[in-house]
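My structure is below; once you've seen it, I'll send some questions.
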Amino acid sequence: MPAEQNASDAPGASGSSEAPERPEDITVRDAVSAPDAEGRPRRATRRFPLFTRDTARPEGGGRAAPGDAPAPARQWPILAVLLTVGLGLLVTATDQFRLGTLLIGVALVAGALLRWLVRNVGMLAVRSRFTDIVTYGGLGLAIVLLALMVQPEPKLRIPFLADLLHFTISG
């Protein structure tokens, strides 16, 4: 008989009410470690499993306030960022484009600062701390720079951008 048994060859595999499967009956084809709570061997390989069954919570992804606090208080960092972005969108809708987009960019930069300085930021933590800071900060700075360069009467002028624009249009 081969060393590896098929599941259909194992005792109790036919669906009958025979004795439950014993650890000796389990065939393992890859590296294993100590058995789990049910006595089955666990994977000890560093390879990723074929199917992901759960994901780890990002660093800082716990509650931002104790569990007995009301829901808005537990998630104050994401609420502060979202309310500021909402205010920026409202200001933009009232024909104050530059001010509204500045508020949106500043909200994202503030989100990056919160992610960097506050230990538990609740749902503001989406990925690793580094990735969140780079993403929030980079997008926020880009939005702020674009808001400052918007026409008419830009508050920020970058000379090589005008030359680059003229070169691409004329050439």
N/O donor to acceptor pairs below 3.5 angstrom from side-chain atoms of residues 134-143, sequence neighbours left out:
{"residue": "Thr135", "atom": "OG1", "partner": "Thr131", "partner atom": "O", "Å": "2.7"}
{"residue": "Tyr136", "atom": "OH", "partner": "Leu124", "partner atom": "O", "Å": "2.8"}

Contact check, side chains of Leu89 and Ile104, non-hydrogen atoms, under 4.5 Å: yes
Please check this pair: side chain of Asp132 against backbone of Arg127, looking for a donor-acceptor N/O pair closer than 3.5 Å. yes
For a quick test of reading the model, state the closest non-hydrogen atom pair linking Gly111 to Val81 and the distance between them. CA-CG2, 3.7 Å
Measure the spacing between CG of Leu82 and CG of Leu87 and express it to the nearest 0.5 Å. 12.5 Å
Going by side-chain heavy atoms closer than 4.5 Å, which hydrophobic residues are tied to Leu83, directly or by a chain of links? none
Sequence neighbours left out, cut at 3.5 Å: what donor-acceptor pairs do the side chains of residues 94-103 make with other protein atoms?
{"residue": "Thr94", "atom": "OG1", "partner": "Val91", "partner atom": "O", "Å": "2.7"}
{"residue": "Arg98", "atom": "NE", "partner": "Ala147", "partner atom": "O", "Å": "3.1"}
{"residue": "Arg98", "atom": "NH1", "partner": "Glu153", "partner atom": "O", "Å": "3.3"}
{"residue": "Arg98", "atom": "NH2", "partner": "Val150", "partner atom": "O", "Å": "2.6"}
{"residue": "Arg98", "atom": "NH2", "partner": "Pro152", "partner atom": "O", "Å": "3.3"}
{"residue": "Arg98", "atom": "NH2", "partner": "Glu153", "partner atom": "O", "Å": "3.3"}
{"residue": "Thr101", "atom": "OG1", "partner": "Phe97", "partner atom": "O", "Å": "2.9"}
{"residue": "Thr101", "atom": "OG1", "partner": "Arg98", "partner atom": "O", "Å": "3.1"}

To the nearest 0.5 Å, what is the distance between CE (Met123) and CD1 (Ile78)? 6.0 Å
I want to check something: taking the side chain as every heavy atom from C-beta on, are Ile133 and Phe130 in contact at a cut-off of under 4.5 Å? no
About how many Å separate CD1 of Ile158 and CG of Leu145, when rounded to the nearest 0.5 Å? 6.0 Å
Could you tell me if the side chain of Met149 sits less than 4.5 Å from the side chain of Arg157, heavy atoms only? no
Contacts of type side chain to side chain contact (heavy atoms under 4.5 Å, CB included), residue Pro159, not counting sequence neighbours: none
Checking Ala73 now: which residues fulfil side chain to side chain contact (heavy atoms under 4.5 Å, CB included) with it, not counting sequence neighbours? Ala69, Pro70
Is there a donor-acceptor pair closer than 3.5 Å between any side-chain N or O of Arg129 and the backbone N or O of Arg115? yes
